[in-house]
Amino acid sequence: MENSLVMDEVLQLVTFSLDQEVYAVDILNVQEINRITGITKVPNAANYMEGVINLRGKVIPVINLRKKFGLQNKEVDDSSRTIIMDIQGVTYGLMVDSVSEVLRIPSDVVEPPPPLASGMAGMFIKGIAKLENRLIILVNIDKLMGQS
Amino acid sequence: MEEIIQEFITEAEESLEKIEPRFVELEQQGQNTDLLNEIFRSMHTIKGAAGFLGFQSIVDVAHASENIMKRLRDGEIDLSKPLMDAILKSIDMLRLLLGHLNEKDGVEENVAPLVQELGNALKATMSRTATGDAPLQNPAAPAAAVMPAAQITEPVKTEEDGPEEEEESHMSGAVQKPAEAPAGAPEISAVSGVGEHKPNEIIQTAKDNIQKAQNLRVDVSRIDKVMDLAGEVVLVRNRLLNISNYFDMKYSEDPMSEILTESVSFLDRITSDMQLAVMKMRMQPIQKVLSKFPRLVRDMSAAVNKEVELQISGEGTEVDKTVIENIGDPLTHILRNSIDHGIESAEERVSKGKPAKGRIIISTYQKGTQIVIEIMDDGKGIDLEKLKMKAVEKGLMTEEETRKMSDKDAIDIIFLPGFSTKEVATELSGRGVGMDVVKTNISILNGYVEVSTVKDAGTTFKISIPLTLAIIQALMVEVDGAKYAIPLSPIEETLKVMKKEINNVTGQNVIVIRDKVCPLFDLNSILGLGLNGHDDFEYKYLIVISMGDRKFCLAVDRLVGQEEVVIKTLNGLDSTSSYVLGATITGDGKVVFILDVAGISRNLLGLSKV
């Protein structure tokens with residue numbers, strides 16, 4: 001009985017895509033998902049800092065996740081979105097290629113990141129969820145803005 | 001003095017408000033040392049402050065009830081209802097007295113009966129405790145305890161002598177009862193019940209006074225919330241102004257368009273007024289910070305065996321709360337420095353023909369939209385050669401660099417982190433921290449420091465800080481297609497110049513303005529935006545900025561206009577490297593960065609580049 005309880009622990013994730021891969025973040029950190037409009041560039045900022053937006057009177061920095069992960073850059077198109085998230089008390093926007101769905105997965109399908117995962121993106125991975133026919137990369141959002 | 005009294009009244013009222021519920025708690029919980037301690041401390045503070053200010057009646061009342069509380073706290077007596085009533089009455093009396101002080105109506109309350117009552121209540125309880133475990137068997141005790149309860153009505157009625165006697169007799173009639181009645185706890189409370197309608201009146205009076213109090217203590221976060229909302233209104237106002245201008249141009253014949261323009265301009269005016277009013281809510285006299293300095297200077301000068309006199313003027317100047325919070329440390333550092341390094345010893349001063357007693361003057365005044373704080377000492381001044389030598393010694397710069405340095409730049413050496421000329425660190429200063437803190441703290445406030453010094457005549461620190469930190473006047477400019485806001489206060493003028501007027505001297509662009517050479521920087525390259533090949537403008541717009549005594553020009557593509565902007569703080573951005581002190585949202589909903597001109601000036605002209 002108790003075992004099944006642990007098994008039943010469900011993660012609710014928002015999945016999004018960057019390049020060819022599907023990533024996910026915990027839904028509890030997600031405030032809202034917006035289209036990309038009116039980004040103001042920040043002078044002398046790190047390259048992944050896309051700029052800032054006006055979110056109903058609040059000024060919020062937007063991070064280009066492709067650049068942060070060291071992926072090829074891509075022009076903003078119709079499916080591009082910003083995921084507004086709360087990362088350690090600060091609100092950020094994460095710019096992604098597209099937002100796919102809200103997913104419920106049992107926590108036991110998540111495996112720790114492979115030890116070989118290297119490069120910029122390696123340290124931002126919290127785990128990998130193995131579903132029947134695909135892999136979803138869980139992003140460690142706390143690490144995302146930790147150093148820089 | 002007025003200020004201090006007002007402060008005392010507010011604080012005393014606040015602590016009374018705080019301790020009153022504690023009494024109730026105490027009554028419910030019985031002996032609780034923590035609660036008693038808290039009450040005792042508050043009462044003691046009120047007594048101390050009142051004594052200092054010479055409000056004898058408050059001292060008397062506070063002292064009498066403090067006496068009781070001390071005994072309670074020390075466990076000498078137990079809490080009883082008559083005792084509690086007496087204490088509560090003393091609180092009401094304190095309120096009343098504070099109310100009179102606040103009103104300045106000069107009405108004197110006769111506190112003697114209450115003080116006596118408090119004393120009696122204490123004595124009664126003491127004797128009860130002394131007579132054994134059945135204190136209430138002595139009918140005299142409750143009588144003594146309750147009797148003065150009637151007298152409490154007296155002070156309120158001092159002006160009307162007539163009814164007083166009548167009441168007294170009426171009350172003593174009531175008081176008669178406990179003496180006759182068989183002794184017992186229920187009776188006592190019943191008696192207090194009878195007497196209660198009178199004390200109620202006092203409470204009523206006290207309450208009326210509270211309502212009339214002119215000060216309202218409000219949680220800062222609430223004011224900040226109003227401030228935020230006012231900021232939003234300003235943004236919407238700016239937006240509406242844009243729209244109404246558009247309609248005014250497009251449908252100038254339509255009467256409705258005129259009405260729109262009219263209402264919007266009305267809204268414009270009230271919004272400005274509201275903004276100012278909200279801003280004022282956050283303003284406090286700088287006295288709050290300055291008042292601690294006389295004592296500080298006294299202690300500090302005594303520590304180094306110097307005689308220093310401190311003069312303060314303009315302490316009534318009002319500044320934003322953030323300024324009050326951040327200006328204390330820098331001022332302390334400057335004072336410390338002046339006393340330790342600036343002012344000479346008495347013998348040295350006399351030999352120089354100066355009065356033996358050193359003097360430091362702090363003067364505060366408002367200049368335009370800036371608050372200026374000057375700290376002037378009549379000490380020996382800063383020895384620039386010594387400064388330069390030290391800087392080289394410490395490896396902060398090379399000899400070559402110091403030789404090229406102007407006097408103004410040399411003075412700024414003192415603001416370098418890790419710099420100190422004192423051979424040995426004293427208790428006061430010399431550890432090489434301090435003056436750089438001054439600079440940092442003041443730049444947080446978007447202000448700047450200037451130092452001027454004359455050998456043997458003294459040194460003056462001049463701190464300039466903007467009046468408010470939330471809403472500023474800004475010049476909107478355009479660079480590389482993006483808009484930026486530059487705070488208006490450091491802008492001296494704007495110019496439109498032909499490109500060929502710009503000269504290049506050893507790699508530095510300069511421009512001659514009225515026979516004066518002024519360094520020129522391209523805002524585009526400062527902000528690291530990269531040149532997008534639009535160097536084809538025939539004209540350049542220049543903004544002449546003067547920070548303290550430094551002057552430089554920023555070249556921009558276009559001047560958009562002057563606007564009142566609301567500063568939004570930026571979270572999650574490294575604003576120092578991006579020369580941004582905040583952002584604002586324009587009428588069309590776009591985010592526009594407000595440039596940190598002080599930061600730009602520091603980096604472009606600062607010591608690092610000399």
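Here is the naming used below: chain letters follow the sequence lines, and residue numbers restart at 1 for every chain.
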Counting only heavy atoms not in A/D78, do more than 12 sit closer than 6.0 Å to its CG atom?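 Not more than 12 within 6.0 Å, no.
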Check whether more than 12 heavy atoms from other residues, nucleotides or ligands sit under 6.0 Å from atom CD of A/E32, and answer yes or no.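 Yes, because the 6.0 Å sphere around CD of A/E32 holds more than 12 heavy atoms from other groups.
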Of the backbone (N, CA, C, O) and the side chain (C-beta and beyond), which part of A/I53 lies under 4.5 Å from a heavy atom of chain B, both, or neither?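 Looking at A/I53, just its backbone touches chain B.
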To the closest 0.5 Å, what do you measure between NZ (A/K41) and CG (B/D480)?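 These two atoms lie 10.5 Å from each other.
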So which of A/V52, A/T37, A/I60, A/V90 has the largest heavy-atom pair count under 4.5 angstrom toward chain B? A/V52
Determine the minimum heavy-atom distance between B/V591 and A/N54, stating which atoms define it. CG2-N, 3.4 Å
Could you tell me if the side chain of B/V592 sits less than 4.5 Å from the side chain of A/T40, heavy atoms only?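 With C-beta onward as the side chain, the pair stays apart.
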Is there a side-chain contact between A/P43 and B/F593, using heavy atoms and a 4.5 Å cut-off? yes
Scan the side chains in residues 69-77 of chain A for donor-acceptor partners under 3.5 Å anywhere in the protein, sequence neighbours excluded, and list what turns up.
| residue | atom | partner | partner atom | Å |
| --- | --- | --- | --- | --- |
| A/K74 | NZ | A/D77 | OD2 | 2.9 |
| A/D77 | OD1 | A/S79 | N | 3.0 |
| A/D77 | OD1 | A/S79 | OG | 3.0 |
| A/D77 | OD1 | A/S80 | N | 3.2 |
| A/D77 | OD1 | A/S80 | OG | 3.2 |

